[in-house]
Undergrad: 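Please read through the structure below; I'll follow up with questions.
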Amino acid sequence: MIYFDNSATTRPYPEVTDTYLKVSTEYFGNPSSLHPLGKISERLLVQARERAAELLKVNPSEILFTSGGTESNNLAIKGTAHQYQGRGNHLITSSTEHASSLEAFQQLEKEGFRVSYLDPDNNGIITAEQVKEELTDETILVSLIHVHNETGSIQPVQEIGEVLSHHPKVLFHVDHVQGAAKVPLDFRTAKVDLCTLSAHKFHGMKGSGILYVRNGVRLHSLLSGGSQERGIRAGTENVAGVTAMIKALRMSMGKSETFLPQIRKINRWIEQECSNIPGVVINSPEERAPHILNISVPGIKPEVMVQALAEKDIYVSTKSACSSRETEPSRTLIAMGYDKETASSALRISLTYENTFEEAERFIAEFSDIVASLKKVVNKQ
């Protein structure tokens, strides 16, 4: 099997699943329970928070455990809007955010908040100047994705953070789901107030995530219930998932120095080879994350291409996994200026540290044959 759909989800490391199973079966107590088994679970949770803080270079009190990227994005966006609506009702984001952010903003609009949706340039980039021009006295939040999940475009988070540092009442949220352990981001240097991570994007288990909340920032809770996670995120903590997530984050960050150059080379090689295949269009910008490549084969439905590759035991995706069943053109590529036919036939190749050049070579061989065969069918119709 060749798995090139790592931006949708990654295969958990064996060590991670071992940790998850051990904690689930041996240390299954509720961390809020007062008996010894509960105290052991509570200690594991404290240790996981400390290790997460160490890896992310923040304070343990700034680590909030959630169920994943969608919850973290919703909590950051809605939690900020509702907490600080007394300051203002203006929010800034981009038109190409992940659905979990975009739909959160759309819901807030229905509640009376005003949202500015910034359009990217042809490389998928939102500039610091664009953000600066949209700021008003009513602005309370800027929320942007760091590494775009479809194209790999990298936003200038540090430059935008510098602009916002001169507007202390405006909070800065960054969706770092696709960048974690692949595209470094120093929360302090970039002056980020809120940041989202999701375990299953870096070889952890599905159902666990992190929301970094800078000390001093308050959030309106989305959930009513207990006092877990400083009263911001009610519900019994997923100790097994959290413990496994931090192991996965540590392992992935440890692998990055050695393997990032390799996946960058594989990515570039696939791009070069794809550009030599008649009828294939490269959509990702030259400067992008090392693990994502977006291409199109205009005239061929992407779901047909995905299934044809799957028959060869090769796995890629159309666009974001959350939107892959939708038949509409990629709104991200449309916003970047691509025509509807190109945006309707997009494929995403996404790598991880375990992928090899041998896999890339086989992918190109099979992909080029499939493109040629499907083009013949289309031309006969």
Undergrad: Using only heavy-atom distances, determine whether the side chains of Ser95 and Asp119 contain a donor-acceptor pair under 3.5 Å.
TA: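 There is such a pair (donor and acceptor under 3.5 Å, judged by atom type) between the side chains of Ser95 and Asp119.
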
Undergrad: Considering residues, nucleotides and ligands other than Glu287, do more than 12 of their heavy atoms fall under 6.0 Å from its CD?
TA: no

Undergrad: State, with a plain yes or no, whether a side-chain heavy atom of Thr151 is found less than 4.5 Å away from one of Leu333.
TA: yes

Undergrad: Quick one: do the Thr352 and Asn6 side chains pair a donor with an acceptor below 3.5 Å?
TA: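 Checked: Thr352/Asn6 side chains show no N/O donor-acceptor pair below 3.5 Å.
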
Undergrad: Between Gln178 and Ser7 (side chain of the first, backbone of the second, donor and acceptor by atom type, cut-off under 3.5 Å), is there such a pair?
TA: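 Yes; at least one donor-acceptor contact below 3.5 Å.
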
Undergrad: Tell me, do Thr9 and Tyr3 make a side-chain contact under 4.5 Å, heavy atoms counted?
TA: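 Yes, their side chains come closer than 4.5 Å.
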
Undergrad: Other than Val183, which residues form its hydrophobic cluster under the rule that side-chain heavy atoms must be closer than 4.5 Å?
TA: Val147, Ile154, Ile292

Undergrad: Does any donor atom in the side chain of Thr80 or Gln83 lie under 3.5 Å from an acceptor atom in the other side chain?
TA: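 No - no donor-acceptor pair under 3.5 Å links their side chains.
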
Undergrad: Heavy atoms only: give me the nearest Ala128-Ile160 pair and the separation to one decimal.
TA: CA-CG1, 3.8 Å

Undergrad: Test Arg49 against Glu229 for salt bridge (charged side-chain N to carboxylate O under 4.0 Å, His left out), laying out the working first.
TA: CA-CA 11 Å; Arg49 203 181 308 276; Glu229 298 301 301; 2.9 Å; yes

Undergrad: For the residue pair Ser368 and Ile277, what are the closest heavy atoms and their distance?
TA: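 Scanning both residues completely, I find the closest heavy atoms to be CB-CD1, 3.7 Å.
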
Undergrad: Can you name the closest pair of heavy atoms from Leu144 and Thr93 and give their distance?
TA: CD2-C, 4.0 Å

Undergrad: Is any side-chain heavy atom of Ser275 closer than 4.5 Å to one of Val280?
TA: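 They are not in side-chain contact.
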
Undergrad: Examine the side chains of His167 and Thr139 and answer whether a donor and an acceptor come within less than 3.5 Å of each other.
TA: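 No, no side-chain donor-acceptor pair sits under 3.5 Å.
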
Undergrad: Are Phe202 and Val58 co-members of a hydrophobic cluster defined by side-chain heavy atoms under 4.5 Å apart?
TA: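 Per the 4.5 Å side-chain linkage, Val58 and Phe202 are co-clustered.
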
Undergrad: State, without any angle test, whether Ser72 and Thr66 hold a side-chain donor-acceptor pair at a distance under 3.5 Å.
TA: yes

Undergrad: Answer yes or no: does atom NZ of Lys191 have more than 12 heavy-atom neighbours from other residues, nucleotides or ligands under 6.0 Å?
TA: yes

Undergrad: Taking atom types as modelled, is there a side-chain donor on Tyr13 or Ser252 under 3.5 Å from an acceptor on the other?
TA: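 Indeed, the side chains of Tyr13 and Ser252 share at least one donor-acceptor pair under 3.5 Å.
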
Undergrad: Looking only at side-chain N and O atoms, does Ser61 offer a donor or acceptor that is under 3.5 Å from a partner on Asn215?
TA: yes

Undergrad: Got a sec, which residues hit ring pair (Phe, Tyr, Trp, His ring centres under 6.0 Å) with Phe187, two or more places apart in sequence or on another chain?
TA: Tyr212

Undergrad: Would you say that Glu129 contacts Lys132 through its side chain, given a criterion of any heavy-atom pair below 4.5 Å between the two side chains?
TA: yes

Undergrad: Can you tell me if Ser284 and Glu271 form a side-chain donor-acceptor pair at under 3.5 Å?
TA: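 No pair is found: no donor N or O on one side chain lies under 3.5 Å from an acceptor on the other.
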
Undergrad: Ile282 and Ile300: same hydrophobic cluster, using ILVMFWY side-chain contacts below 4.5 Å?
TA: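 Yes, it is one cluster - the side chains of Ile282 and Ile300 are joined through contacts under 4.5 Å.
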
Undergrad: List, one per line, each side-chain donor-acceptor pair under 3.5 Å for residues 241-250, sequence neighbours excluded.
TA:
residue	atom	partner	partner atom	Å
Thr243	OG1	Val239	O	2.7
Lys247	NZ	Thr19	OG1	3.1

Undergrad: Would you say the side chains of His82 and Glu111 form a donor-acceptor pair under 3.5 Å?
TA: yes

Undergrad: For residues Arg348 and Val316, determine if any side-chain heavy atom of one lies less than 4.5 Å from a side-chain heavy atom of the other.
TA: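 Not in contact.
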
Undergrad: Between Asn267 and Arg288, does any side-chain donor sit less than 3.5 Å from a side-chain acceptor?
TA: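 Per modelled atom types, Asn267 and Arg288 side chains form a pair under 3.5 Å.
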
Undergrad: Using every non-hydrogen atom in the two residues, find where Asn123 and Asp121 come nearest and quote the distance to one decimal.
TA: N-OD1, 2.8 Å

Undergrad: Kindly give the heavy-atom pair with the smallest separation between Leu141 and Ala76, and that separation in Å.
TA: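 Minimum heavy-atom separation between Leu141 and Ala76: CD2-O, 4.5 Å.
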
Undergrad: Just wondering, do Arg114 and Thr136 contact through their side chains at under 4.5 Å, heavy atoms?
TA: yes

Undergrad: Charged N to carboxylate O below 4.0 Å: is that the case for Lys340 and Glu328?
TA: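 No, Lys340 and Glu328 are not salt-bridged.
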
Undergrad: Going hydrophobic residue to hydrophobic residue with side-chain gaps under 4.5 angstrom, can you get from Val115 over to Leu75?
TA: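 As far as the 4.5 Å side-chain criterion goes, Leu75 and Val115 are connected within one cluster.
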
Undergrad: Is there a side-chain contact between Glu354 and Lys255, using heavy atoms and a 4.5 Å cut-off?
TA: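 The answer is no; the side chains never approach within 4.5 Å.
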
Undergrad: Does Phe172 belong to the same Ile/Leu/Val/Met/Phe/Trp/Tyr cluster as Ile210, with side-chain heavy atoms less than 4.5 Å apart forming each link?
TA: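 Phe172 and Ile210: one cluster.
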
Undergrad: Is the shortest heavy-atom distance from the side chain of Lys312 to the side chain of Arg362 under 4.5 Å?
TA: yes

